[in-house]
Each structure stands twice: as C-alpha cells, then as structure tokens.
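Please read the structure below before turning to the comments.
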Amino acid sequence: MDIQDYFVIDILFIPMETSNELWQKQETISNWILISVIFIFVLIAIVIYIFTLTIHQRYKNKLARQKAELQYKIALHDATLQSIESERKRFASELHDGIIGKMTAIRYNLQMNLAPIEVDSLLEACIIESRSLSHQLYPPLLKDSAIDQLVQSCIQPYQTAIAISYHSDMRSEIMLSEEQKLHIIRIIQELLTNTIKHAQASVVNIRIRIERNILLRYTDNGQGLVVQNNPGLGLQSIQYRVMQLKGTSKIYTQGKGFKTLIYIPRCVQD
C-alpha cells in the first residue's frame, strides 16, 4: 500500500469522526436548551403561584377589614340609637320630675289661693328649666354663633355640678357648618356627662385650638377609665361623632384621671 492509499483512507475517516463529534455537541446543546426551558417554566410557575397567593391573601385581608369596619359601624349605629333613647328617657325624667312637678305645685297654689310670690317663683324655676332643656336639645343661634361662644354656652349648665376650666386658642377664623358645630357641642356635652356621672372628679379642663384644623383636649381629675373592648354608650357616641367629622380620637388611661385628644382635620370651608 502506497502513500496515496493512506491519504485516501484518512480522507474517508476524518469526515466521519467530525460528523460524530458535531452530533454529540448538538445533542448536548439540545439537552441544555431543554433543561433551561424546563427551569424557566418552573420558575414562571412558582412566580405565578406566589403572585396568585399574594393577591388572594390581600383579597382576604381586604374582606376582613371591610367586615370589621362594617361591624364597627353597625356597633356605633346601635350605640347611637341607644344613646338617643337614653337621652329621651333623661329628658322625659327631667320634664316629669322638674317642670311638670313645679307646674303641678303652681296649680295647687292657685287652687289654694296662696301668695302670688310663691307662684311667681315656681314659674320662674319652670322657665329656667325649660330654657336649659331647650338649649340642651338644640343650642340657640347655632348657625350664627362662633364655635367658641357655643362651647362657652354649652358648658355653663354643667358648672353647677363641677368646676370647669375652659381655654380657647383661635388662631384663624373658620366657617363651620351647623352639623359640624353640633357634633363638637355634643362631644363636649357627652364628655362632661360621663365625668359627672362616673368619674367622681372635681375639676375638668377643656382646651380647644383652632387653625385650619381643630384640636380638642379634655381632661378631668377623676378615677380614670378602664378601656374595654366594648366601650360604653357615651364613648361610642363620641367615636361616632368624631367619625362623622372625619377626625380621630385618642384616650389616655395612664395614671389617675381621664384624658382625651380629638383631632378634626381641614375644617375650613372655602
């Protein structure tokens, strides 16, 4: 066999070996491509699963918050209705025991032809009590009076039962609606009523600061308050009115006495 034969054999075998190597490389590349594709699909599936789980959890949390808010609003509404009924009973009692009792005494005095001065004093007492009840039901001149004047008029009847220190800081003139004024007055009345009934306090401090917002600070030196999961009707009524004013309230219970801060935002009406 001469050198030409060897040359022919080399030529025949070299392409076969090269083709085999190329095939092996192509198979390896295909395997890596397949593994990469599978890995990418698995990764996408994991991301989709986590995303779906997160969205589902957020939806559950949103539903839970909405349910809690609804229950809270229902509880406040029920508390408001009970508070209204309680106020009706109180006014009915005051009318029966106060004004009606005095009117009965006046009638008796007239029948007995007693001195007019006694009748006059009873009539004067009836007028005073009637005026007080009327002012509690709906403050006079609510539309035209400034909030500072209304607060002073509101606390006046309570000063016979407890010492009240009131200070106002009017840093800007604001125009409040009648509804806003009435809510603020009712909040202060409810706080004073709770203090007189339950706190065994001797002094109340009321501070109100008005800029574009209203900050109301109320404290007493009574026995304090134990915060419960279900607050009483008075506090629930206050919370309801603060919510109607789109405000926030905070009750502080550390130490003796009662303290609350009520913040009412953006009260200026353009």
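All values derive from a computational prediction rather than experimental measurement.
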Minimum side-chain heavy-atom gap [X]-[Y] below 4.5 Å:
| X | Y | answer |
| --- | --- | --- |
| Ile184 | Leu176 | yes |
| Ile206 | Leu216 | yes |
| Leu63 | Arg65 | no |
| Leu191 | Thr260 | yes |

List in chain and number order the residues that pass side-chain contact (heavy atoms from CB on, under 4.5 Å) with [X], two or more places apart in sequence or in another chain; answer none if no residue qualifies.
| X | result |
| --- | --- |
| Gln244 | His183, Tyr240 |
| Lys250 | Tyr252 |
| Ala201 | Ile162, Thr195, Ala199, Asp220, Asn221 |

What are the two closest heavy atoms between [X] and [Y], and how far apart are they?
| X | Y | answer |
| --- | --- | --- |
| Ser145 | Lys181 | O-NZ, 2.7 Å |
| Pro265 | Leu245 | CD-O, 4.2 Å |
| Cys154 | Gln189 | SG-CG, 3.4 Å |
| Leu192 | Tyr158 | CD1-CD1, 3.7 Å |
| Ile262 | Ile187 | CD1-CG2, 3.6 Å |
| Val242 | Ser249 | CG1-N, 4.2 Å |

query: Listed by chain and number, what are the salt bridge (Lys or Arg N to Asp or Glu O under 4.0 Å) partners of Arg209, not counting sequence neighbours?
result: Glu211
field: Asp169: partners by salt bridge (Lys or Arg N to Asp or Glu O under 4.0 Å), with sequence neighbours left out
entry: Arg171
field: Same cluster (ILVMFWY, side-chain, under 4.5 Å), Ile214 and Met170
entry: yes
Measure the [atom1]-[atom2] distance between [X] and [Y] for me, rounded to the nearest 0.5 Å.
| X | Y | atom1 | atom2 | result |
| --- | --- | --- | --- | --- |
| His167 | Asn205 | NE2 | CG | 11.5 Å |
| Ile238 | Tyr218 | CD1 | OH | 8.5 Å |
| Ser36 | Phe41 | OG | CZ | 12.0 Å |
| Ser168 | Gln152 | OG | CD | 6.5 Å |
| Arg217 | Leu261 | CZ | CG | 7.0 Å |
| Ile185 | Ile155 | CD1 | CD1 | 9.5 Å |

Which pairs would a plain distance check flag for residues 43-59, meaning a side-chain donor or acceptor within less than 3.5 Å of a matching protein atom at least two apart in sequence or in another chain?
residue : atom : partner : partner atom : Å
Thr52   : OG1  : Ile48   : O            : 2.7
Thr54   : OG1  : Ile50   : O            : 2.8
Gln57   : NE2  : Asn61   : OD1          : 3.2

message: Could you check whether any side-chain N or O of Gln180 sits under 3.5 Å from a backbone N or O of Ser177, counting only pairs where one atom can act as donor and the other as acceptor?
response: yes
Donor-acceptor pair, side chain of Gln156 and main chain of Val151, under 3.5 angstrom: no
message: Quick one, Ile264 with Leu215, criterion side chain to side chain contact (heavy atoms under 4.5 Å, CB included). Give me CA distance, side-chain angles, the key distance, then yes/no.
response: CA-CA 6 Å; Ile264 304 168; Leu215 181 64; over 6 Å; no
